Amino acid sequence: MSITQKEIAEYAGVSCATVSRIMNNPELVKPYLANKVYKAMHELGVEVNGASLSEEKRNSVLVVVDDFMYSLFASLISGVSKSLNENHLSMVLCNSGGNIETEREYITMACREGYVGIIFVTALDTPEYRKMMNNISIPVVMLNRKIDGLNYDSVQLAHFDCAQTAVRYLYKMGHKRIAFLTTETESTNTRDEKIGFMNALSELGLSFAEAEKSIFTEPNTYSGGSDFANRFVHEGLDFTALYLLSSEQCTGFVAKFQQLGKQIPADLSLLVLNRVPILLGSGISITTLDQPSKEMGMKAVELLLKRSINPKADHTNVQFSASLEKGSSIKNLSDR
């Protein structure tokens, strides 16, 4: 039985004129309305511009990221790219710079042109972002992110466990005054890290209120780390060890800390989430919690392909563990 434009319009909650424009001149329709119609057509079993879809478009995957120069994101995308190549699929990269309108335009294109699906490497938990996500008509996987209440497949690091591992290892090395530098941006990742950090400190006898005072926020950048080092020294913060969220923060922190006449690990021990190479000119190899980012990217593609084959299957949330890689940035105080 054929589906009429009127039935599509009623299902999508838009006018018949909107459906007609999408069929003939989709560039004239606001992206959020277009996505509502594409989603309705998909659920009604109506092919979207089916006759005009090339095999190249059918074999494309959209990858959405706000800054592919960020070291972690670059590594995640490397894993996505490797798996897509192995499956003879092409990647279309949206490097949005955090602009939701840019992301919306790419998403509308992917839905209209019948891409295999979309992998979100970054996603914001805002009402506008949720609305955009809910109107996507093709398979979605969230990589390194999960928005509570949205039912999509996801691949994440076990951030709660990472923070617990960091605190427990530092405590084993004799450190009882441990600080955590995270980012000012709220997400499920930073939330889980904070809760894991506070739970681990509470196991060591601190109250939650005391543990919360050990958490500091700065932008997840080189300058964010540098600014915190400046604050750490000039305010005389009383900690023997610091757990940092990222390589970028760590690099900025160490550079400024040494510039101010302080040394790692003599004056402060460091443990960092994500891989940090030996910092050039510092002579320090950083102790890290390395996350298997390439494997995470490959898993995201695997979930996307399974979803494209079986759209109604139960959704999956895969969590990866990080591995502790010991360097020279932690001073052993346990023998004192």
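Reckoned from all heavy atoms, side chains included, excluding hydrogens, waters and symmetry mates. Bear in mind that the values here come from a model prediction, so they are computed numbers and not experimental data.
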State the [atom1]-[atom2] distance between [X] and [Y], to the nearest 0.5 angstrom.
X      : Y      : atom1 : atom2 : value
Arg130 : Leu124 : CZ    : CG    : 11.5 Å
Glu193 : Thr188 : CD    : OG1   : 10.5 Å
Leu157 : Cys162 : CG    : SG    : 4.0 Å
Thr18  : Ile8   : OG1   : CD1   : 12.5 Å
Thr288 : Leu324 : OG1   : CG    : 7.0 Å
Asp153 : Leu143 : CG    : CG    : 12.0 Å

Looking only at the side chains, is there a donor atom on one of [X] and [Y] sitting less than 3.5 Å from an acceptor on the other?
X      : Y      : result
Ser187 : Asn189 : no
Thr217 : Thr182 : no
Asp290 : Ser323 : no

For the side chain of [X] and the backbone of [Y], is there at least one donor-acceptor N/O pair under 3.5 Å apart?
X      : Y      : result
Ser83  : Val301 : no
Asn230 : Ser226 : no
His175 : Lys331 : yes
Ser329 : Thr287 : yes
Asn85  : Ser81  : yes
Asn87  : Leu89  : no
Asp66  : Ser96  : no
Glu248 : Ser71  : yes
Tyr152 : Met133 : yes
Ser202 : Asn199 : yes

Taking all atoms of both residues into account, what is the closest heavy-atom pair of [X] and [Y], and its distance?
X      : Y      : answer
Ser246 : Val272 : O-CG1, 3.4 Å
Leu62  : Ala110 : CD2-CB, 4.0 Å
Ala166 : Leu271 : CB-CD2, 4.0 Å
Ile264 : Leu268 : CD1-O, 3.3 Å
Val121 : Ile77  : CG2-CG1, 4.4 Å
Ser60  : Ser90  : OG-OG, 3.1 Å

Requested in this report: Determine, step by step, whether Glu302 and Val318 satisfy the side chain to side chain contact (heavy atoms under 4.5 Å, CB included) criterion, reporting the C-alpha distance in whole Å, the side-chain angles of both residues, the deciding distance to 0.1 Å, and the verdict.
Outcome: CA-CA 11 Å; Glu302 178 186 324; Val318 178; over 6 Å; no
Salt bridge between [X] and [Y], side-chain N to carboxylate O under 4.0 Å?
X      : Y      : answer
Lys213 : Glu210 : no
Glu295 : Lys299 : no
Arg191 : Asp148 : yes
Glu101 : Arg104 : yes

Query - Qualifying salt bridge (Lys or Arg N to Asp or Glu O under 4.0 Å) pairs, either residue in residues 216-233, two or more places apart - result: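 For residues 216-233: Arg231-Glu235.
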Please examine the side chains of [Y] and [X], heavy atoms only from C-beta on, and report whether any two atoms are closer than 4.5 Å.
X      : Y      : value
Lys294 : Lys82  : no
Gln319 : His159 : no
Met173 : Asn332 : yes
Ile330 : Pro265 : no
Gln156 : Arg145 : no
Asp267 : Phe257 : yes
Glu103 : Cys94  : yes
Lys176 : Thr240 : no

Query raised in the report: Taking everything shown except Asn310 itself, do over 12 heavy atoms lie less than 6.0 Å from its CG?
Result: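 Yes - once you tally the heavy atoms of other residues, nucleotides and ligands closer than 6.0 Å, there are more than 12.
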Report task. Take atom CD of Glu212 as the centre, draw a 6.0 Å sphere, and report whether it contains more than 12 heavy atoms from other residues, nucleotides or ligands. Result ->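 Not more than 12 within 6.0 Å, no.
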Report task. Apply ring pair (Phe, Tyr, Trp, His ring centres under 6.0 Å) to Phe120 and list each qualifying residue two or more places apart in sequence or on a separate chain. Result ->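 Expected list: none.
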According to a hydrophobic-cluster definition based on side-chain heavy atoms being under 4.5 Å apart (Ile, Leu, Val, Met, Phe, Trp, Tyr only), do [X] and [Y] belong together?
X      : Y      : value
Leu170 : Phe160 : no
Val141 : Leu305 : yes
Val65  : Met298 : no
Leu72  : Phe320 : yes
Tyr222 : Leu244 : no

Query - Those residues that, when tested against Asp238, pass side-chain hydrogen bond (donor to acceptor under 3.5 Å, both in side chains) (two or more places apart) - result: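 For Asp238, no residue satisfies side-chain hydrogen bond (donor to acceptor under 3.5 Å, both in side chains) once neighbours in sequence are set aside.
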Query raised in the report: So Phe228 and Phe232, would you call those rings parallel, tilted or perpendicular, with 30° and 60° as cut-offs?
Result: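 Ring orientation of Phe228 relative to Phe232: perpendicular.
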Report task. Step by step, work out the side chain to side chain contact (heavy atoms under 4.5 Å, CB included) result for Leu242 and Phe216. Result -> CA-CA 10 Å; Leu242 174 64; Phe216 302 87; 5.8 Å; no
Report task. State yes or no: are the ring centers of Phe197 and Tyr243 separated by less than 6.0 Å? Result ->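 So the answer is no for these two rings.
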